[in-house]
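Counting starts at 1 for both ligands and their atoms, in listed order. The structure displayed is predicted, hence computed values, not measured ones. Below, each value reflects all heavy atoms present in this structure, side chains not excepted, and no hydrogens, waters or symmetry copies.
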Amino acid sequence: MPAALKFGFTPFARPRGVLVVFCEENLKFGPATQRTLAPIGELLRRAAAADRFTGKNGTVLDLIAPGQLNVPRLIVVGIGKAGDAKPRDLVKFGGVAMGKVPSAAAQATIFAEFASGALKGNHVADLTLGARLRAYSFDLYKTKPKEGEEKADKVEVNFACSNPAGAEKAWAQTAAIAGGVLLARDLVNEPANILYPGEFARRASSLGKLGVNVEVLDVAAMKKLGMAALLGVGQGSAHESKLVVMRWNGGKRGADPVAFIGKGVCFDTGGISIKPAQGMEDMKGDMAGAACVVGLMHALATRKAKVNAIGAIGLVENMPDGKAQRPGDIVKTMSGQTIEIINTDAEGRLVLADVLHYVNKRFKPKFMINLATLTGAIIVALGQEYAGMFANDDKLVERLTKAGEATGERVWRMPLGPEYDKMIDSKFADMKNTGGRWAGSITAAQLLQRFVNKTPWVHLDIAGTAMGSPQSDINKSWGSGWGVRLLERLVEDYYER
Ligand code: BES
Ligand code: MN
Ligand code: ZN
């Protein structure tokens, strides 16, 4: 990522730096684009023919120092038929465009125009969002760039559009979402020696400067509340467990809030039921649910959303140790229900059991949505395309499904039911923390459901989508920041439309 990336919005005029334009099937350009490209009309037609470029979605034509056009490079991004473009497509096009700007280039102009003409302000903002997300990389611990990967210190990207002031205004809102996604990615990408529960809590506390009320509960406070399930997970760690409660009150005074709860296992070794060494380093990302909640609260506060929202994250580190919890141990949750630990690697549900109950009891939220990298089994079921969605409320499912299709952060509903619930009944306690090999994601969700009572609730299992995703047009980094855009859209829909 360049040290400084600045977006501007200008009228259609002579482009500065690398020029990016969009092109629909059969080489159809918008009017301003056509005018600008007129001097190289013949050259462009020949280059397109030579490369068999026709403007199909997903194709790009790249011309270096194109003839009479006074730019170092012209990039033509094929978008197929723009007529049926959803917001998620606009974000993607912005990502594709940004991805084609060489990282050493200091200046680029993107013509925000399709064949049918200039884009509306909010569509320009969606393009800009895609460009911003694509430009992100996590280089904090690289002391020198690899050869050929040098980056310009300062990059200026101008979007040419018909109403620059309108686009600027729309971007001011959308930039808040970009900021939330990038914050979530940073948190997921940070290693666990840097981002342990205490440090995570400090970073969440910095939302205070945006007007978010942040409380940090330490071990003593959680002991008092009776959160033995959460505390049991962290008891083998040298780092103290924390519970962070964030409150953004932008809505009607006294109106019940909506609540978002995140699994924040800063590192998951598996504990005494230790994981194999292969790939264990990925478990620094086992706090991605919590990262998403922080990113979401950041976005809501930055754009001063007219909502009352709670964000609560349970922060622990799951380590093997002389003090660590054992298989066979029985813990009493804050709700009073007891859990027999069968496998100390099924720790996320133990953390969430206490946080869900706490939030439900203290805030009486309109609904609760929790996010967690909860099970490997959800990756087996859905891969990295969809997050698993478990819910006790059809209306919320419908809203999330819709928000998922709009943003591209898609969710797929999985079943719950008494037959699955039975699988976690225990010989010694009210329940056990694993239900055996079959239906692993579902039995995990069944345990969570035992802690939400009748409150409308959704559990999103994001083990597949939160990290290590196949590199996409809008993300080149390991942590994806998945869920921030989805939930931001849900909140917007719920309150403001
Ligand atoms: N954090 C893991 C789940 C996970 C796996 C997240 C891969 C991301 C990528 C979770 O705590 C876990 O270990 N789950 C176990 C549960 C089992 C012991 C019942 C699993 O999925 O194997
Ligand atoms: Mn685990
Ligand atoms: Zn875990």
Asks: Among all the protein's non-hydrogen atoms, which is closest to atom 7 (C) of ligand 1, and how far away is it?
Replies: Met283 CE, 3.7 Å

Asks: For atom 10 (C) of ligand 1, what is the closest protein heavy atom, and at what distance to 0.1 Å?
Replies: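 That would be Leu374 O, 3.3 Å.
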
Asks: How many angstroms lie between atom CZ of Arg349 and atom OG1 of Thr443, to the nearest 0.5 angstrom?
Replies: 6.0 Å

Asks: For the pair Glu398 and Lys402, find out whether any cationic side-chain nitrogen is under 4.0 Å from an anionic carboxylate oxygen.
Replies: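 No, Glu398 and Lys402 are not salt-bridged.
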
Asks: Quick one: look up the protein heavy atom nearest atom 8 (C) of ligand 1 and list residue, atom name and how far away it is.
Replies: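 The protein heavy atom lying closest is Met467 CE, 3.4 Å.
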
Asks: Flag Lys263 as yes when one of its N or O atoms lies below 3.5 Å from any N or O atom of ligand 1, and as no otherwise.
Replies: yes

Asks: Among all protein heavy atoms, pick the one closest to atom 12 (C) of ligand 1 and tell me residue, atom and distance.
Replies: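 I find the closest protein heavy atom is Asp345 O, 3.2 Å.
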
Asks: To the nearest 10°, how many degrees is the angle Asp268 OD2 to the Zn ion (ligand 3) to Glu347 OE2?
Replies: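 Output for this angle: 90°, rounded to tens.
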
Asks: Is any N, O or S atom of Lys263 under 2.8 Å away from the Zn ion (ligand 3)?
Replies: yes

Asks: Is atom 14 (N) of ligand 1 less than 4.0 angstrom from at least one protein heavy atom?
Replies: yes

Asks: Below 3.5 angstrom, do we get any N/O pair linking Asn343 and ligand 1?
Replies: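 No; the residue has no nitrogen or oxygen that sits under 3.5 Å from a nitrogen or oxygen of the ligand.
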
Asks: So is there a nitrogen or oxygen of Thr434 less than 3.5 Å from a nitrogen or oxygen in ligand 1?
Replies: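 Not met; the criterion fails.
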
Asks: Report yes if some N/O of Arg349 lies less than 3.5 Å from some N/O of ligand 1; otherwise report no.
Replies: no

Asks: In the protein, which heavy atom is nearest to atom 2 (C) of ligand 1, and how far is it?
Replies: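 I find the closest protein heavy atom is Asp268 OD2, 3.6 Å.
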
Asks: Of all the non-hydrogen atoms in the protein, which one sits nearest to atom 22 (O) of ligand 1, and at what distance?
Replies: Gly376 N, 4.5 Å

Asks: Which option out of Ala377, Ala346, Gly468 puts a heavy atom nearest to atom 17 (C) of ligand 1?
Replies: Ala346

Asks: Report the name of the N/O/S atom of Glu347 located nearest to the Mn ion (ligand 2).
Replies: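 Checking each N, O and S atom of Glu347, the shortest distance to the Mn ion (ligand 2) belongs to OE1.
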
Asks: By atom name, which N, O or S atom belonging to Asp268 lies closest to the Mn ion (ligand 2)?
Replies: OD2

Asks: Out of Gly285, Gly348, Ala463, who gets a non-hydrogen atom closest to atom 6 (C) of ligand 1?
Replies: Ala463

